[in-house]
Number of protein chains: 2
Amino acid sequence: MSRPTLADVAARAGVSAKTVSNVLLGRRHVAEATRARVLEAVTEVGYTVNAAGRGLASGRTGRVAVVVPMIYQPYFAEVAERLILALAEHGLTTTLRIAHDDAAERDAVLGLTTPDVDGVILCPHGLSPEVLGDGIVPRPVVQLGGGIMPSFDCVIMGETEGFRSMTEHLLATGRKRIALIGTGPGGAPQGSRFAGYLEALTAHGIDLDERLLITGSDWDRRASGYEAVVGLLRTGVEFDAVMCFNDAMAVGALRGLRSHGLRVPQDVALTGFDDTAEVEFTSPPLSSVSPEQAQMVAATVRMLIERIDGYAGEPRVVRTGAHLVPRESSAPAESAG
Amino acid sequence: MSRPTLADVAARAGVSAKTVSNVLLGRRHVAEATRARVLEAVTEVGYTVNAAGRGLASGRTGRVAVVVPMIYQPYFAEVAERLILALAEHGLTTTLRIAHDDAAERDAVLGLTTPDVDGVILCPHGLSPEVLGDGIVPRPVVQLGGGIMPSFDCVIMGETEGFRSMTEHLLATGRKRIALIGTGPGGAPQGSRFAGYLEALTAHGIDLDERLLITGSDWDRRASGYEAVVGLLRTGVEFDAVMCFNDAMAVGALRGLRSHGLRVPQDVALTGFDDTAEVEFTSPPLSSVSPEQAQMVAATVRMLIERIDGYAGEPRVVRTGAHLVPRESSAPAESAG
DNA sequence: ACGCTGAATGGCAACGTTAACAATTGGTCC
DNA sequence: GGACCAATTGTTAACGTTGCCATTCAGCGT
């Protein structure tokens, strides 16, 4: 016995297939008695809608592509999981795409590698307007995290705000020479996160010491944080705190500091960004900044669904907050055991 | 201009739609010249196959559901990522399903929550034959990890083997009282992993001390390992090594040991299982057992594709190996700094 | 020369659903 | 009472692809 169709349900309920369809789609003008009878027939025969048929007739697939550079990094895994669950609540299924590089992200956005979805959620690795070029974006796209893109809706994290408050937190707890490990095209950390760091220093009348700016080889690898901190130690520059652009680098940096005999937080304070689950269980637990993932995901899904439903206004930008999550790794040096 | 169809390609190439379809499906009996002309037309008009149409006509969706209990735990994230990439190589797209509990896993296997896929890959949390009941499995299912299920193909990790060699490794490096943190229905660790531990002890003529067996509250949370080790310390039982059922618990256990002033590996050796990326960057890095993920994933995908292609033999069991990955956390007590 | 074989291609129907519209019913308004 | 409206249900024709089968044609053996 093969999978039941609308016709089977219709026969059972004594109505036409179209009426069953109307009930399932929640159309108005269906008598209450009919609706009840149809729903009963649906469960009796065990009907589930055939996505291929529906897709062909309606032009909608009910599917959304979530594009991430990788999922083995906790930040992306957590975001992807939240997105999948949020989309499921709206009846949308998810196909997860792993886009390792800029070109793969571009192809996903342009629809070359993501046909047959109603929309795309992009968690970018490093996609920039230049890489995207002037290709037509053929389908709703919402970007979660990363910089502002002119072609589609973007949800921007409170990076500057988060780094400003983290920097102030470190200054307030007695740290004076704060190294920054991040990424940037020019060999030194740049962008919104760097901006927050700089704002806080300026506000406290501290000059920027460029010897404290270290570039990790790769935004997303723990090894990158390890290498960066080892490089910093090798220069012999004095420092009493290390801020990392994200948690993954901070975990690597922690290992680097410890393997050189430095204690966290007694000798050096250490902080991350993203507030992923992994930094709660390092030794010591790492201070981080929570980018309000729940807010970001909610805004992303809301905007995507609006676009799928036909909204065609100008690209929008939503900025979410960020709050400090202080833990043991940034406790004042003197008070720590 | 809407998305091009087979008819558009056909018009461009001067053939029928059916011939274009034949070329795209790699059918025999297509002249080389025709094939070339069709492929050229495909790129010229930018054609991509419409999955809904193909699905409706062929009965295949080209999609596979990967069911995991969560993805924010590195083990599942890593496996899911490998599966997605391996399936993509075979032209299959993936929908990721998060199944939090046994009932959700059962529903995914039975197809209730995974219609419109050609097959299901299940990475189980704790699905057992009893939970599955005698429901008919309506579509190919392959299980990766977990125990043997009578209803579908299973890939079984070398759990016993891995725990046996890890236990022997610890004994060989001078540890005498090895605690085991895991899960089991009876309040003590059980199953294949426990069996490996026991085999090694028996082989060395060591009696099992049940006070060294601790059950974590939850297989997959780091907090569970933390709580377990704290509970163990509270009992006052002597131990010089802790083996955990997986890396997540080991990370939590490490935190628990450190926060009670115990040094790893000088005072206590500590080990995990799964060899996830996270244990390379703890302090110290944790010894673990690699379950040969690449092998497991390859076998899983191969068996699923065979099933999708119509193979209908009895459920099969593939056992993959496991090898020890010793790191600093299990170095001999006297030699460690 | 004839039928036969196999290669190459195309015609037609079907997959399960929904959009657009038609039809029927029952009631309301003047 | 008749025209009109709203509510409800049904009819027909797509949507884009592939399966099945028919057709054409060239080359071959006899």
Side-chain angles (χ1 to χ4, degrees), chain A residues 1-39 41-42 45-63 91 93 111 115-118 308-310, chain B residues 1-39 41-42 45-63 91 93 111 115-118 308-310:
Chain A
M1 170 67 186
S2 86
R3 189 168 160 185
T5 72
L6 276 188
D8 299 323
V9 178
R12 181 90 180 201
V15 294
S16 76
K18 187 68 222 312
T19 297
V20 177
S21 171
N22 285 336
V23 170
L24 264 32
L25 293 176
R27 292 284 150 81
R28 294 173 318 180
H29 304 319
V30 176
E32 196 45 55
T34 310
R35 174 187 310 279
R37 198 146 33 91
V38 166
L39 291 177
V42 164
V45 305
Y47 172 81
T48 53
V49 63
N50 178 313
R54 170 175 286 179
L56 202 50
S58 70
R60 296 275 188 86
T61 62
R63 222 172 307 127
T93 61
D116 302 309
V117 295
D118 293 338
I308 291 174
D309 286 345
Chain B
M1 172 63 187
S2 84
R3 187 168 161 187
T5 71
L6 276 187
D8 299 323
V9 177
R12 181 91 179 201
V15 295
S16 76
K18 189 73 226 309
T19 298
V20 178
S21 171
N22 285 337
V23 169
L24 263 33
L25 293 175
R27 294 283 149 81
R28 293 176 317 182
H29 303 321
V30 176
E32 197 45 54
T34 310
R35 174 187 309 278
R37 199 146 31 90
V38 166
L39 291 178
V42 163
V45 305
Y47 172 82
T48 53
V49 63
N50 179 312
R54 171 174 286 178
L56 202 50
S58 70
R60 294 276 188 86
T61 62
R63 222 172 308 128
T93 61
D116 302 308
V117 296
D118 293 339
I308 291 175
D309 287 344

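Basis for what follows: all heavy atoms, side chains included, without hydrogens, waters or symmetry-related copies.
For B:A57 and B:R35, each mapped to the nucleotide of DNA chain C holding its nearest heavy atom, the one lying further toward the 5' end belongs to B:R35. Where B:A51 and A:V15 each meet DNA chain D at their nearest nucleotide, the meeting point lying more 5' is that of A:V15.
Note: CZ (B:R37) to P (C:dA8) measures 13 Å, nearest angstrom. To the nearest angstrom, C1' of C:dG16 lies 5 Å from CG of A:N50.
A:D116 and B:R63 are not joined by a salt bridge, as no carboxylate oxygen comes within less than 4.0 angstrom of a charged side-chain nitrogen.
Proximity of a side-chain donor or acceptor of A:T19 to a complementary backbone N or O of A:V15 within less than 3.5 Å is not detected. Put simply, the side chain of B:R12 never gets that close to the backbone of B:A41: no donor and acceptor are under 3.5 Å apart. Under the 3.5 Å distance criterion, the side-chain polar atoms of A:T34 are left unmatched by any main-chain donor or acceptor of A:V30. In this structure a side-chain-to-backbone donor-acceptor pair under 3.5 Å is missing from A:R3 to A:G46. Proximity of a side-chain donor or acceptor of B:D118 to a complementary backbone N or O of B:G62 within less than 3.5 Å is detected.
For DNA chain D, the contact window with chain B, defined by any atom under 4.0 Å from a protein heavy atom, covers D:dG16 to D:dC20 in 5' to 3' order.
Rounded to the nearest 0.5 Å, atoms CG (A:L56) and CG (B:N50) are 6.0 Å apart.
When side chains are defined from C-beta on, A:Y47 does not count as touching A:D8, because their heavy atoms never get closer than 4.5 Å. At a threshold of 4.5 Å between non-hydrogen side-chain atoms, the residues B:L24 and B:V42 count as touching. The shortest distance between side-chain heavy atoms of A:P4 and A:V9 does not fall below 4.5 Å.
The rotation axes computed at either terminus of the helix from C:dA1-D:dT30 to C:dC30-D:dG1 lie 40° apart, taking five pairs at each end and rounding to 10 degrees.
Listed by residue number, A:K18, A:S21, A:L25, A:R27 are the residues of residues 16-32 of chain A with a heavy-atom contact under 4.0 Å to DNA chain C.
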